[in-house]
Undergrad: 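Take a look at the following structure, please.
A, B, ... follow the sequence lines: proteins, then strands. Residue 1 opens every chain. Not measured: the values here are computed from a predicted model.
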Amino acid sequence: MINTIPASNPYFELMANHLTEAAIDLFAAYDLRIESRAALPECTLPSQELHCMASIGYVGDRVRGVLVLAASQSAAKAWTNAAGIGECDFADTIGEFANMLLGHLKARLLREGIPISLATPITVSGAGLRFSMPPGQSCWQFFEGSDWRFATRLDASFESGFEVHEVDEAQQPAAAGDAILF
Amino acid sequence: MTSRIMVIDDSLLVRRQVTAALKGPGYLVTEAVDGIDALEKLAGLSDTRLIVCDVNMPRMNGIELLERLRAQGSVVPVVMLTTEGQPELIQRAKSLGAKGWIVKPFKPEFLVATAAKLAPLGA
């Protein structure tokens with residue numbers, strides 16, 4: 001099992017590692033057990049199996065990119081079952097999961113001094129989905145459970161002059177699951 | 001007196017999760033897909049006692065909805081339910097009269113406790 005992110009820009013490695021941890025946390029929040037995971041340069045989805053892909057763009061200070069998430073129908077079902085919902089719209093489910101995943105990544109990156117803004121997810125579903133080559137740094141992460149499969153791709157393009165911002169401890173973001181009453 | 005809660009989110013999955021969590025204790029739940037849908041439905045519902053609202057939605061987002069409700073003089077408490085956790089955004093919602101902020105994925109027991117505090121059943 002390959003566990004390491006391919007060597008690249010250290011800021012991209014930081015982002016990719018945070019995405020992996022955010023995904024693991026999100027699966028854990030729904031009691032979804034990951035049985036294997038791997039980092040790979042490419043993704044090939046089974047051509048006969050229905051998958052859904054969600055993509056969300058993001059932009060920060062001299063960094064921009066896309067989070068792509070691809071999941072099998074069994075992954076969506078595992079998640080909705082874990083959420084206690086049962087059947088739900090495939091594209092809506094994967095879009096919302098991508099939304100939460102990137103939201104978690106955003107909070108993690110904010111704590112690292114890399115603030116980003118997010119777009120809303122776009123989803124598409126079908127068999128034989130294929131992905132275009134990314135323009136900048138990119139890495140696929142694969143996660144597998146007992147009967148589900150999930151993949152994320154983080155793309156990032158850095159402009160010259162990119163730097164990490166100083167983090168104000170008083171401006172730490174709220175964490176997943178936090179409930180604040182004013 | 002009915003205890004109606006409106007959940008506003010463009011995700012069907014989230015609306016179903018919130019509805020399932022709140023129907024259990026006995027709340028009546030109405031769903032809306034964004035701020036504009038919510039305003040149209042609220043105009044016809046006088047018994048809404050709490051609004052649970054996403055931030056990032058098409059047509060009208062949660063912050064814009066807060067601004068509109070404030071301008072209308074609405075007294076229905078609003079709790080934001082979102083993936084966002086930035087302090088500036090939380091402060092903005094608070095300044096517009098929101099009563100709380102929950103970061104997804106939410107714990108059903110926290111949502112129910114929030115509803116019990118802001119819109120107690122039978123009150």
Undergrad: To check you understand the geometry: which heavy-atom pair defines the closest contact between A:Ala176 and B:Val103, and what is its length?
TA: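 Here A:Ala176 and B:Val103 meet closest at CA-CG1, 3.6 Å.
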Undergrad: Examine whether an atom of A:Leu181 lies under 4.5 Å from a heavy atom of chain B, and if so say whether it belongs to the side chain, the backbone or both; otherwise answer neither.
TA: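 Both backbone and side chain.
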Undergrad: Could you measure the distance from the OG1 atom of A:Thr93 to the CG atom of B:Leu13? Nearest 0.5 Å is fine.
TA: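 One finds 5.0 Å between OG1 of A:Thr93 and CG of B:Leu13.
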Undergrad: When only heavy atoms count and the cut-off is under 4.5 Å, which of residues 32-43 of chain B reach chain A?
TA: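 The residues closer than 4.5 Å to chain A amount to none at all.
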Undergrad: Measuring heavy-atom distances to chain A, does B:Ala21 have an atom under 4.5 Å in its side chain, in its backbone, in both, or in neither?
TA: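 Neither part.
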Undergrad: Does atom CD1 of A:Ile122 have more than 12 heavy-atom neighbours, drawn from other residues, nucleotides or ligands, at distances under 6.0 Å?
TA: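 No, CD1 of A:Ile122 has 12 or fewer neighbouring heavy atoms, counting only those of other groups under 6.0 Å.
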Undergrad: In the single-linkage hydrophobic clustering (I, L, V, M, F, W, Y; side-chain heavy atoms under 4.5 Å), do B:Val55 and B:Leu66 co-cluster?
TA: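 In one cluster: yes.
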Undergrad: Does one hydrophobic cluster hold both B:Val29 and B:Met6, with members joined at side-chain heavy-atom distances below 4.5 Å?
TA: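 Different clusters: B:Val29 never reaches B:Met6 through Ile, Leu, Val, Met, Phe, Trp or Tyr contacts under 4.5 Å.
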Undergrad: Sort out for me which of B:Leu118, B:Thr114, B:Leu12, B:Asp10 touches chain A most, counting heavy-atom pairs under 4.5 Å.
TA: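 The option with the most such pairs is B:Leu12.
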Undergrad: Under a 4.5 Å side-chain heavy-atom rule over Ile, Leu, Val, Met, Phe, Trp and Tyr, are A:Ile56 and A:Phe90 clustered together?
TA: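 Yes, because A:Ile56 and A:Phe90 connect within a single hydrophobic cluster, where side-chain heavy atoms sit under 4.5 Å apart.
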Undergrad: Measure A:Ala29 against the heavy atoms of chain B and call it side chain, backbone, both or neither at under 4.5 Å.
TA: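 When you check distances to chain B, only side chain atoms of A:Ala29 fall under 4.5 Å.
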Undergrad: Below 4.5 Å, heavy-atom pairs only: which of B:Pro108, B:Gly100, B:Ala113, B:Ala20 has the largest tally toward chain A?
TA: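 Winner by heavy-atom pair count: B:Gly100.
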Undergrad: How long is the gap from CZ on B:Phe110 to CG on A:Asp178, to the nearest 0.5 Å?
TA: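 Separation between the atoms: 8.0 Å.
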Undergrad: Hydrophobic cluster membership, with links at side-chain heavy-atom distances under 4.5 Å among I/L/V/M/F/W/Y: are A:Met100 and A:Phe143 in one?
TA: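 Result: yes, single cluster for both.
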Undergrad: Do A:Glu96 and B:Pro105 have side chains that get closer than 4.5 Å, going by heavy atoms?
TA: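 A:Glu96 vs B:Pro105: side chains apart.
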Undergrad: Based on non-hydrogen pairs under 4.5 Å, which of A:Gly103, A:Ala107, A:Gly177, A:Ala175 is most in contact with chain B?
TA: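 Top count of heavy-atom pairs under 4.5 Å with chain B: A:Gly177.
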Undergrad: Measure the CZ-CG distance between B:Arg16 and A:Asp92 for me, rounded to the nearest 0.5 Å.
TA: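 So the CZ of B:Arg16 and the CG of A:Asp92 are separated by 9.0 Å.
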Undergrad: Counting only non-hydrogen atoms closer than 4.5 Å, can you tell me which residues of residues 68-96 of chain B sit against chain A?
TA: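 B:Thr83, B:Glu84, B:Gly85, B:Gln86, B:Pro87, B:Glu88, B:Ile90, B:Lys94 fall under the 4.5 Å cut-off.
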Undergrad: Hydrophobic clusters here meaning ILVMFWY residues chained together by side-chain heavy-atom distances under 4.5 Å, can you tell me if B:Ile5 and B:Leu121 are in one?
TA: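 Yes.
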Undergrad: Which bit of A:Leu102 is near chain B, if near means a heavy-atom gap under 4.5 Å: side chain, backbone, both or neither?
TA: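 When you check distances to chain B, no heavy atom of A:Leu102 falls under 4.5 Å.
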